[in-house]
Amino acid sequence: MTDEHVLGADLTIYSVAHWAERCRLWVMDLDGAAGDLPLQVQADRVEEVDGAGVQLLLALSRSLEQRGRRLALLRPSPVLLKALQRLGAGDLVVQQLAQEVGA
Amino acid sequence: MNMDTSDDDLVAELLPAFIEEANEQVAAFEQLLLELEDTPDDHERLDALFRCAHTVKGSAGLFGLHRVVEFTHHVETLLDQLRDGLLRLTPALSTLLLQSNDTIRELVATAQLPDDEASRNARQALAQRLQEAAGHSGGGAAQASQPTGPAAAVLPPSHRRWRLSARFGTEVFRNGMDPLAILHYLADLGRLEPVACDRARIPELEAMDPESCHLWLQFELEGPVERSQIEHAFEFVRDDCELELEDLTAGLDEHPADSAHERLQAAVAELRQLAAPTAAASSTTAATNAAASPRPRESSGTGGSEEGGFIRVHAHRLDEVINLLGELVIAGAGASQLARQTRQRGLIEANQRISRLIEGIRNSTLKLRMVPIGDTFARFRRVVRDTAAELGKDVALEIVGADTELDKAVVERIADPLMHLVRNALDHGLERPDDRRAAGKPAQGRLTLSACHESGSVLIRIIDDGRGIQRDKVLQRAWQRGLVPQGVQPPEEDVLRLIFEPGFSTAEQVTNLSGRGVGMDVVRSNIEALRGSIQITSEPGQGSCMEIRLPLTLAIIDGFLVGVGSSRFIFPLETVVEVISSRPDAMAVDAHGRGCVDLRGRLLPVIDLRRLYELEPDQAERHSIVVLRSGTRQLGVLVDNLLGQHQTVIKPLGRLLRSLRGIAGSSILGSGEVALIVDADALGQIASSATRGRATRVAADPASMPPAGRPESGPSSRTPSPTGTPTPSHNAPTAQGHAQ
């Protein structure tokens with residue numbers, strides 16, 4: 001599953017509509033699956049991110065929470081990590097990964 | 001502020017930038033204040049005024065310039081009262097603020113020098129007046145500006161802790177703004193403490209338009225950060241963001257600085273950004289301040305704000321380009337000449353195209369040095385205001401054509417002569433209100449400074465509606481001073497020009513303004529040093545007009561090329577009046593090459609360049625006398641050949657030739673020859689030193705003059721016009737120039 005959930009290089013206002021569509025599909029896929037595993041998204045390719053990109057990830061996180069799941073961003077690129085921490089969304093990475101490791 | 005050695009180095013490195021930018025703030029402060037005198041209730045200007053003082057204070061604090069901080073604080077307090085409507089800007093208050101601004105300027109300039117007692121006392125007295133004006137008797141004024149209490153009132157901006165809440169509007173992303181970028185910026189200013197994003201406000205993915213912004217951020221910022229800096233960070237989203245700002249500093253201990261470098265650079269950066277006072281103003285209360293309330297942007301006219309991409313370039317870099325350009329012009333002319341010699345049409349045309357391009361580059365490059373004269377004019381608002389008050393006069397200053405551009409070097413060098421003329425108009429021209437009313441004029445006098453472009457030069461006029469110049473007084477004084485022989489009545493237009501003669505002054509009462517040893521003659525010579533000219537017209541009882549004509553640039557002139565033997569000389573074309581032909585034996589010259597001829601009944605001093613500069617012996621059968629204008633006088637210069645109009649790149653003289661009298665510079669001709677550019681005024685002085693005594697006598701009684709020489713054909717035979725080319729010479733240049 002992880003292989004399918006990969007964020008691209010650009011996660012900014014210019015591509016956020018595209019990524020919103022992709023995220024909705026990922027969530028819909030999860031609806032058919034059992035369990036409450038986090039949605040694991042590969043984030044190491046992100047080279048550019050802005051507030052809109054982080055907001056999208058937060059919205060994705062909210063949708064998942066509604067379904068009793070969580071978002072786990074895997075190996076976030078430094079630029080994404082910095083952006084998430086700046087906007088107080090560092091937990092999407094660190095805590096979830098910790099759970100992942102612990103699991 | 002504790003600074004270690006590396007901090008000291010940083011301060012030394014960044015201080016010049018601070019001083020430069022602080023001076024801009026001080027200048028903007030003065031300008032805004034003077035504008036506010038006309039519109040005392042203009043809140044935008046009041047805000048901008050406050051920001052100027054606030055910015056200087058904040059940045060000075062980062063540099064540890066406590067004197068600046070301490071004093072500016074009092075100014076800021078008073079401005080706060082004005083902004084809050086507790087006080088109104090009266091002329092007296094305005095004067096006090098202007099004086100205070102002068103003090104700030106001085107404090108910035110002397111920031112690194114030790115304080116001296118006299119200025120400290122003066123400063124304290126002024127601070128006392130500021131406090132009194134603000135109604136401050138240990139009461140609310142200081143506290144209003146500094147919510148953290150009296151101790152913080154005189155502290156330089158140090159560590160602060162701010163709590164921020166920023167609720168961004170939905171259109172922020174679509175407007176190209178990025179809250180993340182704002183946070184990055186703030187993180188550079190200080191430590192960004194836990195940022196909380198209200199996730200409940202972010203819709204679920206299914207319901208969300210990902211391009212709408214739903215971010216509501218709450219965080220704390222700690223560091224040497226001023227409120228204005230934070231507000232500045234949000235400036236571009238201020239119409240689309242609800243910003244709440246709370247100062248948590250009360251009770252916070254001093255922290256060691258995170259990074260002096262960051263703080264200092266932020267200070268300079270902030271000054272630069274705020275040089276255009278458009279940022280939202282700082283609040284006056286300790287409570288939260290909704291800085292996001294929409295405020296219209298200030299027009300560029302109110303504070304010199306400039307939109308668009310500007311690059312600050314050091315003037316010497318431009319000078320380098322212009323020097324190279326000069327070389328290019330010369331090299332281009334040389335190539336064109338060689339091309340013509342080959343008679344190959346293709347080569348000639350290619351060279352012509354290059355010449356046109358060079359001309360285009362030249363024009364564009366010279367434009368880079370062009371600056372509007374408005375900044376210089378604006379300085380006079382203060383001069384007029386203070387001087388008029390000092391003299392008990394009421395004068396309105398009108399500025400016309402402030403956006404007229406001319407060469408930076410010219411602008412800088414014209415400021416002093418203009419200052420003198422403005423003071424002169426105020427001192428001698430404009431009358432006191434009573435006198436004006438008695439003369440049937442409005443009590444308020446009018447002084448107009450105007451600038452415009454006219455036929456390739458800049459025309460600056462200083463017009464007053466005062467009493468005008470009394471010709472009879474001028475003449476009386478000229479007779480007394482021996483400038484004109486007793487009893488001789490010069491032509492009407494010459495009488496007014498007498499005021500430009502050295503040592504002339506008609507002020508019956510030596511006021512504080514005049515009598516400073518700088519006369520109108522200095523004004524004239526300064527203007528002429530810029531290759532400009534000054535004309536004066538005056539109507540008794542109606543006023544006077546000084547008209548200054550200046551070249552657009554100092555780097556390139558239109559010249560009139562002449563030959564003496566194998567040497568080449570260039571006269572600035574605007575100094576050339578006419579050309580008359582002459583026989584070699586028509587004039588007797590002394591050992592220094594000085595002589596004179598009778599030009600239509602007037603004595604014309606003549607300089608023989610061959611004799612003056614000891615050039616090779618005379619071969620020519622016919623000579624020409626080029627009549628030059630030098631100030632109010634004329635002089636002739638004896639030359640062999642007239643070689644026509646020549647656009648000339650002025651190059652300075654080398655050290656060896658700098659002491660050569662009568663030569664202002666050099667130029668290289670297309671052929672590679674060196675031509676010397678003649679300084680008409682200096683030649684005029686050489687000539688008049690020999691002929692003045694005779695000229696005086698002759699002017700009194702022309703009939704008694706022994707004719708030293710006469711032009712053969714009387715009136716001019718060739719007269720170059722400013723735009724046209726004089727008739728070609730009768731002798732073509734033959735030898736190579738040997739001027740060094």
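Chain A is the first sequence line, chain B the second, and so forth, proteins listed ahead of strands; every chain is numbered from 1.
The main-chain N or O of Asp50(A) is never found under 3.5 Å from a side-chain atom of Asp178(B) such that the two would form a donor-acceptor pair.
The CG atom of Leu183(B) sits 5.5 Å away from the CG atom of Leu87(A) when rounded to the nearest 0.5 Å. To the nearest 0.5 Å, the span separating OG on Ser63(A) from CD on Glu206(B) amounts to 4.0 Å. To the nearest 0.5 Å, atom CG of residue Leu64(A) and atom CG of residue Leu205(B) are 8.0 Å apart.
Counting heavy-atom pairs closer than 4.5 Å to chain A, the top residue among Leu186(B), Leu180(B), Leu215(B) is Leu180(B). The candidate with the highest count of non-hydrogen atom pairs below 4.5 Å against chain B, out of Val16(A), Val27(A), Leu56(A), is Val16(A).
Shown here for Arg62(A) and Ala200(B), the closest heavy-atom pair between the two residues is NH1-O, 3.2 Å. In terms of heavy-atom proximity, Leu58(A) sits nearest to Cys197(B) at CD1-SG, 3.9 Å. Between Arg199(B) and Gly88(A), the shortest heavy-atom contact is NH2-O, 3.1 Å. When all heavy atoms of Pro210(B) and Gln55(A) are compared, the closest pair comes out as O-NE2, 3.8 Å.
Heavy atoms closer than 4.5 Å to chain B are found in the side chain of Gln66(A), but not in its backbone. For chain A, no part of Ala181(B) is nearby; none of its heavy atoms comes within less than 4.5 Å. If you measure heavy-atom distances from Ile202(B) to chain A, the contacts under 4.5 Å come from both the backbone and the side chain.
In the displayed structure, Glu48(A) atom CD is contacted under 6.0 Å by at most 12 heavy atoms of other residues, nucleotides or ligands.
Contact annotation: the side chain of Glu204(B) never approaches that of Leu60(A) to less than 4.5 Å [non-hydrogen atoms, C-beta and beyond]. Residues His184(B) and Lys82(A) meet the side-chain proximity criterion, which asks for heavy atoms closer than 4.5 Å.
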